[in-house]
K.L.:
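Dropping a structure here in structure tokens format, bear with me for questions.
Quantities reported herein were computed from a predicted structural model and do not represent experimental measurements. Numbering of ligands and ligand atoms starts at 1, following listing order.
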Amino acid sequence: MAKYRICSIEGDGIGHEVIPATRRLLDAAGFSAEYVDAEAGYEYYLDHGTSVPQATYDAVENTDATLFGAATSPTGEKPPGFSGAIRHLRQKYGLYANVRPTKTRPVPGAYENVDLVIVRENTQGLYVEQERRYGDVAIADTVITGEASLRIGKYAAELAMKRGKRLTVVHKANVLPVTQGLFLNTILDHTRSVEGLNTSTMIVDNAAMQLVRNPRQFDVMVMTNMFGDILSDLAAGLVGGLGIAASGNVGDKFGIFESVHGSAPDIAGQGVSNPTATMLAAVLMLDELGDHETARRIDNAVNKVLTEGPRTRDLGGTAGTKEFTDAVIAAL
Ligand code: ATP
């Protein structure tokens, strides 16, 4: 009998390529799993009028972890009844921490020796999606609670204590003292009691510049939802781009692991997408499940192929999804 049950959601666009590639790799690495296939995303919404069906909730709730491919966020006015699948799942399951490791990988143009983690509050801020319009005036609410700030602050502090014991709280409390101030002060109140943790604060615009100028100064960074969304993409750009950036959405009970990139409609269906980000999301999932041995073997195999090739097009190579995956499997 398989040791783990994994919910597998391809979602939209290149999700249909990167998930099968990652599952082939997990199988080849001997990861003992039974998969429960589930659906979610914009394509599902267009066919069925909802982006996440009940069967998917059941699958998420009755498995040990979920591996997610990609979901399209349509631009412009939201279609009626539509809510982004992954944002919806994050909220429903209280996946309050979005954890995005940013580590130098052997790819062209990457900064050297970067090893930091961005911890993004995943349920509040501007992404509560409460917008309205009165004629020429458009308003978006931002929601911050002390409870959610403490929860994410504790998570980030614990993570920092397992790593380099340095935590940077990123904020904009100088302009938004009520909302950002609550986030900042709640976390600082907590970290004062964490012995051995070196906590500093940084205003978000400075953090963007410091990330570009000297990303090696950072260990764990914690911030509200939208700042985390933007800075984690910036950080991904420092170490090789979206094709290799992975993230975990973690709560007290459930975890959903996914790439940082979207559904890449411009290349979907061509078999040229880079599955590395999803493979590294699977590594995060394995670590969370406690299968560290398989996690390290996959991580090393991915690094070997990124070093020696073949590389996918987004990293300057010519390999398609299948050729790259075959090479990683061979490197295991
Ligand atoms: P969405 O609406 O799903 O967010 P998007 O195109 O706005 O889609 P991404 O899917 O993140 O955003 O893609 C941004 C760019 O990066 C695109 O040009 C896409 O082709 C490229 N890209 C993203 N992921 C990959 C990948 N895994 N392999 C190769 N290229 C990728």
K.L.:
In plain terms, say whether Arg297 and Asp291 are close enough for a salt bridge, that is, a side-chain N and a carboxylate O under 4.0 Å apart.
P.N.:
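Not counted as a salt bridge, because no side-chain N and carboxylate O are separated by less than 4.0 Å.
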K.L.:
Can you say whether the rings of Phe31 and Tyr4 are parallel (under 30°), tilted (30 to 60°) or perpendicular (over 60°)?
P.N.:
parallel
K.L.:
Atom 5 (P) of ligand 1: which of Pro265, Pro275, Gly11, Pro74 has the nearest heavy atom?
P.N.:
Pro265
K.L.:
With atom 1 (P) of ligand 1 as the reference point, say which of Gly84, Ser273, Ser263, Gly69 has the nearest heavy atom.
P.N.:
Ser263
K.L.:
Which is closest to atom 22 (N) of ligand 1 by heavy-atom distance: Ala264, Ser259, Gly241?
P.N.:
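Selected option, by shortest heavy-atom distance: Ala264.
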K.L.:
Are Asp219 and Lys162 close enough for a salt bridge, meaning some N to O gap below 4.0 Å?
P.N.:
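So Asp219 does not pair with Lys162 through a salt bridge.
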K.L.:
Ignoring hydrogens and geometry, is there a side-chain-to-backbone donor-acceptor pair from Asp299 to Ala295 under 3.5 Å?
P.N.:
no
K.L.:
Heavy atom of Ser73 under 4.0 Å from ligand 1?
P.N.:
yes
K.L.:
Check ligand 1 against Ala71 and write out every atom of the ligand that is under 4.0 Å from a heavy-atom position of the residue.
P.N.:
3 (O)
K.L.:
List the closest protein heavy-atom neighbour of atom 18 (O) of ligand 1: residue, atom name, distance to the nearest 0.1 Å.
P.N.:
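For this ligand atom, the closest protein heavy atom is Asp266 OD2, 2.8 Å.
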K.L.:
State plainly whether the residues Asp115 and Arg163 are in salt-bridge range, i.e. N to O under 4.0 Å.
P.N.:
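Result for this pair is yes, salt bridge flagged.
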K.L.:
Just go through Ala70, Gly262, Ala277 and tell me whose heavy atom is the nearest to atom 11 (O) of ligand 1.
P.N.:
Gly262
K.L.:
To check your reading of the model: name the closest protein heavy atom to atom 30 (N) of ligand 1, its residue, and the distance in Å.
P.N.:
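Checking every protein heavy atom, the shortest distance to atom 30 (N) of ligand 1 gives Ile267 CD1, 3.5 Å.
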K.L.:
With respect to atom 25 (C) of ligand 1, which of Thr321, Ile14, Leu242 exhibits the smallest heavy-atom separation?
P.N.:
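Considering heavy atoms of Thr321, Ile14, Leu242, the nearest to atom 25 (C) of ligand 1 sits in Ile14.
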K.L.:
If you look at every heavy atom in Gln180 and Lys172, which pair is closest and at what distance?
P.N.:
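Smallest interatomic distance, heavy atoms only, reads OE1-N, 3.2 Å.
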K.L.:
Counting only heavy atoms, which portion of Asn274 has something under 4.0 Å from ligand 1: side chain, backbone, both, or neither?
P.N.:
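Both backbone and side chain.
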K.L.:
Around atom 23 (C) of ligand 1, find the nearest protein heavy atom and jot down its residue, atom name and distance.
P.N.:
His261 CB, 3.7 Å
K.L.:
Kindly state if atom 28 (N) of ligand 1 has a protein heavy atom within a strict 4.0 Å cut-off, that is, under 4.0 Å?
P.N.:
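It does: a protein heavy atom is found less than 4.0 Å away from atom 28 (N) of ligand 1.
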K.L.:
Should we count CD of Glu112 as having more than 12 external heavy atoms under 6.0 Å?
P.N.:
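Open.
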K.L.:
Would you say the side-chain atoms of Asn214 and Gln210 include a donor-acceptor pair closer than 3.5 Å?
P.N.:
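Not at all, the side chains of Asn214 and Gln210 share no donor-acceptor pair under 3.5 Å.
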K.L.:
What do we get for Val272 next to ligand 1 when only non-hydrogen atoms under 4.0 Å count, side chain, backbone, both or neither?
P.N.:
neither
K.L.:
Among side-chain atoms of Tyr93 and Glu61, is any donor-acceptor pair under 3.5 angstrom?
P.N.:
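Side-chain D/A pair, Tyr93 to Glu61: present.
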K.L.:
Going by the atom numbers of ligand 1, which of them fall below 4.0 Å from some non-hydrogen atom of Thr72?
P.N.:
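Listed by number with element, the hits are 2 (O), 3 (O).
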K.L.:
Please check atom 15 (C) of ligand 1 for a protein heavy-atom neighbour under 4.0 Å.
P.N.:
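Given the 4.0 Å cut-off, atom 15 (C) of ligand 1 does not count as touching protein heavy atoms.
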K.L.:
Can we say Arg23 and Asp37 salt-bridge, meaning some charged N sits less than 4.0 Å from an Asp/Glu carboxylate O?
P.N.:
yes
